[in-house]
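One structure is given below, encoded as structure tokens.
Lettering of chains follows the sequences in order, A, B, ..., and the numbering in each one begins at 1.
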Number of protein chains: 2
Amino acid sequence: MIKAKDSYHHGDLRHAIIEEAKIWIETKDISSLSLRGIARRLGVSHNAPYRHFTDKESLLVTIAEMGFEKLKQWLQQVLAKNTLTPEEEIKALGVKYIEYAVSNPAYYRVMYSAYLSDYQKYPSLDKAAEESFTILIETIAQGQKAGVIRAGDTRELGYVCWSLVHGVSMLYLERQLRSSTIESVEKLAKLATAMMIEGLEVKQES
Amino acid sequence: MIKAKDSYHHGDLRHAIIEEAKIWIETKDISSLSLRGIARRLGVSHNAPYRHFTDKESLLVTIAEMGFEKLKQWLQQVLAKNTLTPEEEIKALGVKYIEYAVSNPAYYRVMYSAYLSDYQKYPSLDKAAEESFTILIETIAQGQKAGVIRAGDTRELGYVCWSLVHGVSMLYLERQLRSSTIESVEKLAKLATAMMIEGLEVKQES
DNA sequence: TGGTATATGTTGCTATTGTCAACATTTATC
DNA sequence: GATAAATGTTGACAATAGCAACATATACCA
């Protein structure tokens with residue numbers, strides 16, 4: 001979205017900056033992202049972005065927050081079905097999580113890219129991240145209450161699940177999984193979550 | 001290691017640069033790393049590092065390679081015991097992997113920090129990464145041969161294990177696991193690998 | 001309707017960085 | 001001991017983040 005040549009005001013610069021940043025991060029990478037570069041592409045002056053974001057980091061924080069918001073929505077879609085057992089739900093959440101990361105690489109990279117290691121500095125970002133994690137935690141807790149998921153610190157079990165899907169997502173996005181396609185990640189996601197569930201289930205005495 | 005004030009040559013600048021970079025990445029973060037900053041701290045001119053590294057990326061590549069070398073050594077220590085069952089071995093590899101990441105944050109961050117997404121560009125780095133992964137793969141393959149680990153694409157099973165331990169490592173290093181200490185990660189590592197093994201084991205008919 | 005405050009954009013500046021080229025000094029080699 | 005190679009320095013340029021001062025459009029209010 002380039003500024004109309006003759007108008008002084010862009011009209012929706014804030015939004016345009018965010019979109020352009022997402023495209024940049026998706027097609028190039030986050031480390032090369034520059035506010036001036038974005039401004040140039042949008043046909044505005046090099047300082048125009050500073051009217052909408054106090055600095056580069058604040059743009060990234062905004063994008064990360066949007067990303068967590070969207071992730072939360074994706075995960076909530078899984079729960080909305082309301083026809084799944086707790087185990088199926090956890091599995092479906094895991095698969096959905098990876099699908100989200102694969103489908104929204106720019107968001108996911110910003111959310112977890114070490115550029116924002118200090119989440120504490122941004123309470124609203126911290127809250128957004130925690131809220132999407134809470135969806136998983138509560139589902140696990142329900143499974144525990146129903147007696148189908150192993151007892152133990154719910155948050156810790158949640159960390160294990162989260163680590164798994166985060167690992168798959170990151171390794172895929174950073175191209176560490178050799179010659180992997182979207183389809184093969186999808187397959188990997190199903191395998192990984194299926195295996196994880198076995199570790200989560202209550203064991204029968206044999 | 002600062003240069004002796006009166007000597008023209010540093011003596012071991014290449015090594016000093018690497019060490020300084022590791023300290024920087026450990027105490028600050030990778031995105032703020034600068035060659036000029038390192039040179040300044042070492043008391044040499046801003047261009048001295050270019051006699052040892054063609055550019056900033058090549059320094060990072062060197063560090064990443066060293067990191068994979070060291071990781072390989074850590075993992076091989078587990079196999080060296082030679083007293084474990086395949087399942088125990090896989091579990092121990094997972095725990096060791098996370099211990100490595102936690103104990104060598106600078107290495108681990110450089111190895112997986114998205115600054116080097118193009119591993120293909122650096123064959124020796126690519127090779128080093130693949131070699132440490134191979135240790136896991138071969139252990140899983142042995143377990144499959146022994147009939148204790150589930151059948152299936154060995155590499156894919158390896159990806160699942162790797163994703164899990166990578167996820168734990170990254171989330172810890174990027175401070176996403178709230179109020180977690182080294183001890184709590186250690187505990188998390190054991191739980192995660194124990195759960196993973198249950199997903200890997202061959203199922204008895206019940 | 002007109003006038004002023006506010007939001008939004010621009011221009012120009014400084015400091016920092018990566019990197020190149022040219023030059024200096026030391027060390028190695030024959 | 002002379003010359004080549006390795007290592008370090010100085011000085012440049014371009015790009016970037018971000019500040020300050022200024023310009024223009026828009027919103028709002030009497």
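To the nearest 0.5 angstrom, Glu131(A) atom CD is 11.5 Å from Leu71(A) atom CG.
Between the side chain of Gln144(B) and the main chain of Arg150(B), a donor-acceptor pair closer than 3.5 Å is present. In this structure, Glu88(B) contributes its side chain and Thr85(B) its backbone to a donor-acceptor pair below 3.5 Å. Listed for the Arg109(A) side chain is a donor-acceptor partner under 3.5 Å among the backbone atoms of Ile25(A).
Inspection of the Ser32(A) and Trp24(A) side chains reveals an N or O donor paired with an N or O acceptor under 3.5 Å. With hydrogens and angles left out, the side-chain atoms of Glu57(B) and Tyr122(B) include a donor and acceptor closer than 3.5 Å. Looking only at atom types and distance, the side chain of Tyr107(B) has a donor-acceptor partner in the side chain of Lys22(B) under 3.5 Å away.
What separates CD1 of Ile17(A) from P of dA17(D) is a distance of 12 Å, to the nearest Å. In this structure, Leu60(B) places its CG atom 13 Å from C1' of dG18(C), rounding to the nearest Å. Spacing between atom CZ of Phe53(B) and atom P of dG18(C) amounts to 14 Å, rounded to whole angstrom units. Between His52(B) atom NE2 and dG18(C) atom C1' the separation is 17 Å, expressed in whole Å. Straight-line distance from the CZ atom of Arg51(B) to the P atom of dA24(C): 14 Å, rounded to whole Å. For Ile38(B) and dT16(C), the CD1 to P distance is 17 Å, given to the nearest whole Å. As rounded to whole Å, 14 Å separates atom P of dT26(D) from atom CG of Leu13(A).
Residue-to-nucleotide proximity on DNA chain D shows that, of Arg14(B) and His46(B), the 5′-proximal contact is made by Arg14(B).
Comparing dT10(C), dT9(D), dA17(D) by their nearest atom to the side chain of Ala48(A) picks out dT10(C). Among the nucleotides dT11(C), dT9(D), dG18(C), the one closest to the side chain of Ser45(B) is dT9(D).
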Could you write out each protein N or O paired with an N or O of nucleotides 4-6 of chain C at a distance under 3.5 Å?
none

At a cut-off of 3.5 Å, list every protein nitrogen or oxygen paired with a nitrogen or oxygen from nucleotides 13-16 of chain D, distance to 0.1 Å.
residue, atom, partner, partner atom, Å
dT16(D), OP2, Arg40(A), NH2, 2.5

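Aromatic ring centres of Tyr159(A) and Phe133(A) lie closer together than 6.0 Å.
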Return all side-chain donor-acceptor pairs below 3.5 angstrom for residues 91-100 of chain B, not counting sequence neighbours, or 'none' if the list is empty.
residue, atom, partner, partner atom, Å
Lys96(B), NZ, Gln77(B), OE1, 3.2
Tyr97(B), OH, Tyr108(B), OH, 2.7
Tyr97(B), OH, Trp162(B), NE1, 3.1
Tyr100(B), OH, Gly67(B), O, 2.7

